[in-house]
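Working notes, structure below.
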Amino acid sequence: MKQISDAKRIVVKVGTSTLTHGTGMLNIRRISSLVRMLADIKNSGKEVVLVSSGAIGVGMGKLGLSRRPEDTPGKQACAAVGQCELMYVYDKEFSEYNHTVSQVLLTRDVIEDPQRKENVQNSFERLLQMGVVPVVNENDTVSVEEIEFGDNDTLSAIVARLVHADLLIILTDIEGLYDKDPRKYADAHLIPRVEAIDENIRSAAGDRGTSLGTGGMATKISAAQMATAAGISVVIANGSRHNVLYDLMEGKPVGTIFAGLEDKNGGKEEDR
Ligand code: GLU
């Protein structure tokens with residue numbers, strides 16, 4: 001069985017709660033530390049794709065809005081402002097380590113059209129060959145349904161499949177998947193490894209309604225299911241944990257690991 005540390009092509013997804021303070025303003029220390037680790041992982045010979053949320057949240061912060069707009073044009077406007085700020089910061093931070101970033105904004109219709117999907121795959125492939133770090137988000141400013149129903153956990157699994165990644169790391173605001181909600185039950189235990197995503201795992205994650213308060217675990221589990229079905233291992237871990245990516249790449253027990261890597265060449269080739 002291959003180990004997490006053997007993964008060559010890695011997709012890292014980072015959520016709004018990891019990237020911003022409660023005020024909606026950027027968490028600069030968190031972003032700097034994330035970029036430093038990603039740049040170093042890249043220096044070690046691995047390929048990195050970053051799926052970053054935060055456009056709407058950062059846009060709100062920058063526009064001085066105290067509440068998330070409820071109407072679609074309001075969210076679209078925030079995303080347009082915030083995406084720009086996010087890319088500015090990623091460009092600046094990665095440049096510190098001599099790495100080049102690129103912006104890739106996707107909508108569901110692109111992925112559903114075989115020709116457009118292939119175009120995106122070719123573009124990812126070329127960017128990675130060129131040593132560039134693609135920074136991916138939904139194109140929230142034009143994508144109405146994406147804003148209403150989309151989530152970047154699903155997007156990260158789609159991207160992991162598009163680029164034929166070996167590993168998807170979903171960074172969130174709790175340690176990983178617990179057997180019950182750790183914010184309600186003091187005796188909740190972290191599940192270190194999941195071999196198969198079954199009913200027990202889905203119910204540990206809670207349903208969409210209750211899971212929103214626990215870092216949206218339900219969408220992370222369905223993302224894990226999509227990725228592992230294509231033989232891609234998935235880790236859900238705490239983005240605020242010191243050196244989280246270094247520890248993972250060194251094979252330390254961090255977060256919840258969903259097996260997938262060992263199956264990569266084992267015939268689970270659907271939609272890869
Ligand atoms: N695309 C959204 C944003 O950048 C985030 C969606 C999500 O966090 O799932 O604000």
Side-chain angles (χ1 to χ4, degrees), residues 11-27 30-31 34-35 49-91 101-111 120 134-160 162 168-174 205-227 234 236-240:
V11 175
V12 177
K13 185 260 168 176
V14 59
T16 307
S17 59
T18 303
L19 294 171
T20 58
H21 292 287
T23 56
M25 302 299 275
L26 279 178
N27 188 327
R30 193 74 58 67
I31 294 186
L34 174 72
V35 170
V49 176
L50 178 60
V51 176
S52 175
S53 301
I56 298 175
V58 170
M60 278 171 55
K62 193 153 186 186
L63 291 165
L65 305 179
S66 54
R67 278 190 305 125
R68 190 180 165 96
E70 279 166 21
D71 63 321
T72 299
K75 289 178 206 161
Q76 290 175 319
C78 282
V81 171
Q83 182 63 28
C84 184
E85 169 81 357
L86 271 180
M87 286 313 300
Y88 168 72
V89 172
Y90 283 129
D91 195 11
V101 295
S102 60
Q103 173 180 259
V104 181
L105 298 179
L106 295 174
T107 48
R108 198 176 285 277
D109 54 322
V110 173
I111 306 308
V120 173
V135 181
V136 188
N137 198 353
E138 291 179 1
N139 194 355
D140 294 319
T141 300
V142 301
S143 173
V144 176
E145 326 85 83
E146 292 299 308
I147 284 183
E148 309 241 320
F149 306 111
D151 69 84
N152 276 15
D153 295 322
T154 307
L155 177 66
S156 71
I158 290 171
V159 168
L162 278 177
L168 167 62
I169 300 173
I170 299 180
L171 295 178
T172 184
D173 54 3
I174 58 172
D207 62 30
R208 211 172 233 278
T210 58
S211 69
L212 283 177
T214 65
M217 200 46 82
T219 54
K220 288 172 181 54
I221 299 302
S222 32
Q225 186 146 35
M226 276 180 75
V234 178
I236 298 177
N238 194 337
S240 63

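For ligands, and for the atoms within them, numbers begin at 1 and follow the listed sequence.
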Practice problem: Might you point out which heavy atoms bring R30 and G239 nearest each other, and give the distance in Å? | Solution: CD-O, 3.6 Å

Self-check item: Matching residue for K13 among T154, N152, D153 - test: side chain to side chain donor-acceptor pair (under 3.5 Å)
Solution: D153

Self-check item: Closest approach of C78 to P69 (non-hydrogen atoms, all atoms of both residues)
Solution: SG-CG, 3.7 Å

Quiz prompt | Residue shell around ligand 1, heavy atom under 4.0 angstrom | solution = S53, G54, A55, I56, N137, D140, D151, N152

Quiz prompt | E138 side chain to D151 backbone, donor-acceptor under 3.5 Å | solution = yes

Quiz item: Any idea which heavy atoms bring A223 and I170 closest together, and the distance?
Solution: CB-CD1, 4.2 Å

Exercise. Measure across Q76 and V142 and return the closest heavy-atom pair with its distance rounded to 0.1 Å.
Key: NE2-C, 4.1 Å

